[in-house]
Amino acid sequence: MRILTVCSAWRVFGAETITLKMLAGFQSRGHEQMAVTSIWTDGDFGRRLQQLGIRELVLPVGSVVASLSPRHLKSSADLLVRLPLLWWRWHRAMRTFKPDVILWTGGKQPLFLLPFLNQPPSILIEHAEVLPTSPVRWLYRKLDHKLKGFVAVSDFMRGFYGSVGVSEHKIRVIKNGVFFERERAALRPVSSGNEATPMLRIGIVGRIARSKGYECLIEAVRRLHLNGSKVEVIAFGSGPPEYQSQLQQQIAAAGLSRNWKWMGYESDRSKIYRGMDICVMPSCESESFGMVAAEANAHGLPVVASRIGGLPEIIVDGVTGFLIEPDSPQSLAEKLQWLVQHPESARAMGRAGHEHIFQEFTVEKMVAGFESLFAEFAAPDR
C-alpha cells in the first residue's frame, strides 16, 4: 500500500520514536511511504527518515496555540499566513503520491486540512491525552465526521476517545511497538545491584515537567538517604530552564546535590538505560502509553511507576516492577527501598519485564494490527 504519515513535532520524543518504529515496520513489509514533517522542527526527525530511506515532504503543518504570549502569537500568525502554501502543496502531494491511506499522529494536525479529508481514508493515532474541554470535543466531533478510524495506543486512550465524542465503532486499540523482535538479543537484561557501583542508580527519563513527578522523586530519595540507603539519581531529558532551576534548589535543600546527575537530552536509548539499575515513572498526570516504562523493561530494568493512564497496561505489578499511587513519595520510597534490599528479586523483575515487552509490545505486532486495520478501513482498489 501507499501510506502517507503526517509526523509534525518539533523534536523527537516518545511519540516520534514510536512513529519512526512504525514507519520502519511498514518499510520492512514492503509498503511505499511518504512522511510529512513540519517546517517548525529541529530537523532530527527528517534526518532519521533519511537514514530509513523514507521520502519526506516538509510542509507548514502546525496548530494555533491559545495563548497571548508573543512567541505563540507569532507562531500562530506565521501558520495562518502560510495556509495557502499548505493547501497547494498538500493537494499536489495527493495528486502525485496518490496514497491509499493517510495516518495522522496527532489530533491537531488535520485541523486546517479538514476540507481535504474525504479521500483517501484517514486514520488518527493519538499519542497524547488531551483534557476533554469544549474546544477539544468540538475538534474531535469534526474529525469523527471526516476520519475513517481512530487508533488508541492503549486501552486507556480508548476511553479518552469516548470522552471526546468519537464514535465507538471507529475506535481500534493497537498498542505501541517498542522494539523489533530482532532487537531482543541485543537488549539483554541489565543486572541490577552492580557490585562495581558504590550506589544504586535510579533513572528518570523524559520531559522535565511537573507532571512527571520530579518533586515526588526528590522527596522519596531524601527519605531513602535518611534511612541509610545511598542511591544516585540519573535524570535524562530537557525542559524549561526555570523549572529545572527550581528542582535544583529543592535537591540542594534536601542535601542530594552530589547524588543527582542531570544528563540532558539523549537520543541513544542504549546509553540511557545501560547506566541504570532501576527506572522510575512517578507521573502525577495520565500517560497515554508509558513509552519510558516499556523501554526500561525491555532493557531488563525493574520499573516503579504511577498507577495512572496507560502505565498499568505495561507494568505487571509485583512481577516486572511496582505500581504506586500518584504523588506518593512514601510509597515510592518503600518500593525503591525493597528493590535496594532485594537485588536478586530486582534482577528477576528486570528479566520478567524484558520477556513481557517482547511478547506484547513488538513493532511486528503493532504493524500487523495496522495492516488488519487497513484491510478493514482502507483496502485499496489495486
Side-chain angles (χ1 to χ4, degrees), residues 7-18 37-45 61-79 105-109 127-131 133 135-136 202-222 232-254 256-269 271-272 276 279-293 295-296 305-306 308-309 311 326-327 329 332:
C7 332
S8 60
W10 74 276
R11 195 167 189 178
V12 177
F13 291 112
E16 293 71 42
T17 300
I18 286 291
T37 60
S38 175
I39 62 174
W40 298 290
T41 72
D42 65 354
D44 188 23
F45 196 96
V61 181
S63 60
V64 172
V65 180
S67 170
L68 296 178
S69 71
R71 180 171 64 88
H72 288 147
L73 287 173
K74 182 179 181 302
S75 64
S76 296
D78 197 15
L79 171 63
T105 58
K108 294 181 181 180
Q109 293 170 349
H127 288 280
E129 189 210 6
V130 185
L131 293 176
T133 61
V136 169
I202 299 172
I204 183 168
V205 184
R207 183 166 51 89
I208 299 174
R210 195 174 303 277
S211 63
K212 299 301 181 180
Y214 272 87
E215 286 87 351
C216 178
L217 178 58
I218 292 171
E219 175 58 21
V221 174
R222 186 188 72 82
E232 180 180 65
V233 176
I234 308 171
F236 285 91
S238 61
E242 59 274 14
Y243 179 62
Q244 189 167 339
S245 177
Q246 292 175 21
L247 293 177
Q248 288 172 334
Q249 293 175 19
Q250 294 178 32
I251 291 165
L256 302 175
S257 296
R258 293 186 177 182
N259 303 91
W260 196 290
K261 294 183 179 179
W262 296 102
M263 309 303 291
Y265 176 79
E266 174 59 62
S267 59
D268 188 336
R269 266 33 196 175
K271 290 181 181 179
I272 294 174
M276 300 177 187
C279 184
V280 295
M281 279 194 77
S283 303
C284 52
E285 293 182 10
S286 296
E287 302 278 348
S288 62
F289 176 70
M291 178 71 170
V292 169
E295 288 180 339
S306 296
I308 193 170
L311 286 169
D327 197 21
L332 179 57

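Every heavy atom of this structure was used, including side-chain atoms; hydrogens, water molecules and symmetry mates were not. Heads up: numbering here begins at 1 and tracks the sequence. What you see is a predicted model; the values in this text were computed from it and never measured.
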One should read off an interatomic distance between I218 CD1 and L256 CG, to the nearest 0.5 angstrom, of 7.5 Å
To check you understand the geometry: which heavy-atom pair defines the closest contact between E285 and I308, and what is its length? C-CD1, 3.6 Å
Those residues at least two apart in sequence (or on a different chain) that pass salt bridge (charged side-chain N to carboxylate O under 4.0 Å, His left out) with K271 are none
Could you go step by step and tell me if E16 and D44 meet the side-chain contact (heavy atoms from CB on, under 4.5 Å) rule? CA-CA 10 Å; E16 293 71 42; D44 188 23; over 6 Å; no
For a side-chain contact (heavy atoms from CB on, under 4.5 Å) check, start with the C-alpha distance between E287 and V292, then their side-chain angles and the critical distance, and finish with the verdict. CA-CA 10 Å; E287 302 278 348; V292 169; over 6 Å; no
Of all heavy-atom pairs between P282 and I204, which one has the smallest distance, and what is that distance? CD-CD1, 4.1 Å
Quick check on side-chain contact (heavy atoms from CB on, under 4.5 Å): which of I202, I234, L217 does W260 satisfy it with? L217
Residues R11, R207; criterion side-chain contact (heavy atoms from CB on, under 4.5 Å); working and verdict: CA-CA 11 Å; R11 195 167 189 178; R207 183 166 51 89; over 6 Å; no
Can you tell me how far CD1 of I208 sits from CZ of F236, rounded to the nearest 0.5 angstrom? 11.0 Å
Taking every non-hydrogen atom, the tightest pair across G290 and L311: CA-CD2, 3.8 Å
Kindly indicate, with the supporting measurements, whether the criterion side-chain contact (heavy atoms from CB on, under 4.5 Å) is fulfilled by V12 and Y265. CA-CA 10 Å; V12 177; Y265 176 79; 3.8 Å; yes
Given side chains that start at C-beta, do those of V221 and N259 come closer than 4.5 Å, heavy atoms only? no
Any donor-acceptor pair under 3.5 Å from S38 side chain to V61 backbone: yes
L332 side, atom CG; M281 side, atom CE - distance, nearest 0.5 Å: 12.5 Å
Which heavy-atom pair separates P326 from S283 by the least distance, and what is that distance? CB-O, 3.8 Å
To the nearest 0.5 Å, what is the distance between CZ on F289 and CD1 on I18? 6.0 Å
Hey, does the side chain of S306 reach the backbone of C284 with a donor-acceptor pair shorter than 3.5 angstrom? no
Measure the shortest side-chain to side-chain distance between V205 and M276 over non-hydrogen atoms and say whether it is less than 4.5 angstrom. yes
Distance from R269 atom CZ to T17 atom OG1, nearest 0.5 Å? 4.5 Å
So the side chain to side chain donor-acceptor pair (under 3.5 Å) pairs with at least one residue in residues 234-244 (sequence neighbours excluded) are E215-Y243
Quick one: pull up CD in Q250 and OG in S257 and give me the separation to the nearest 0.5 Å. 11.5 Å
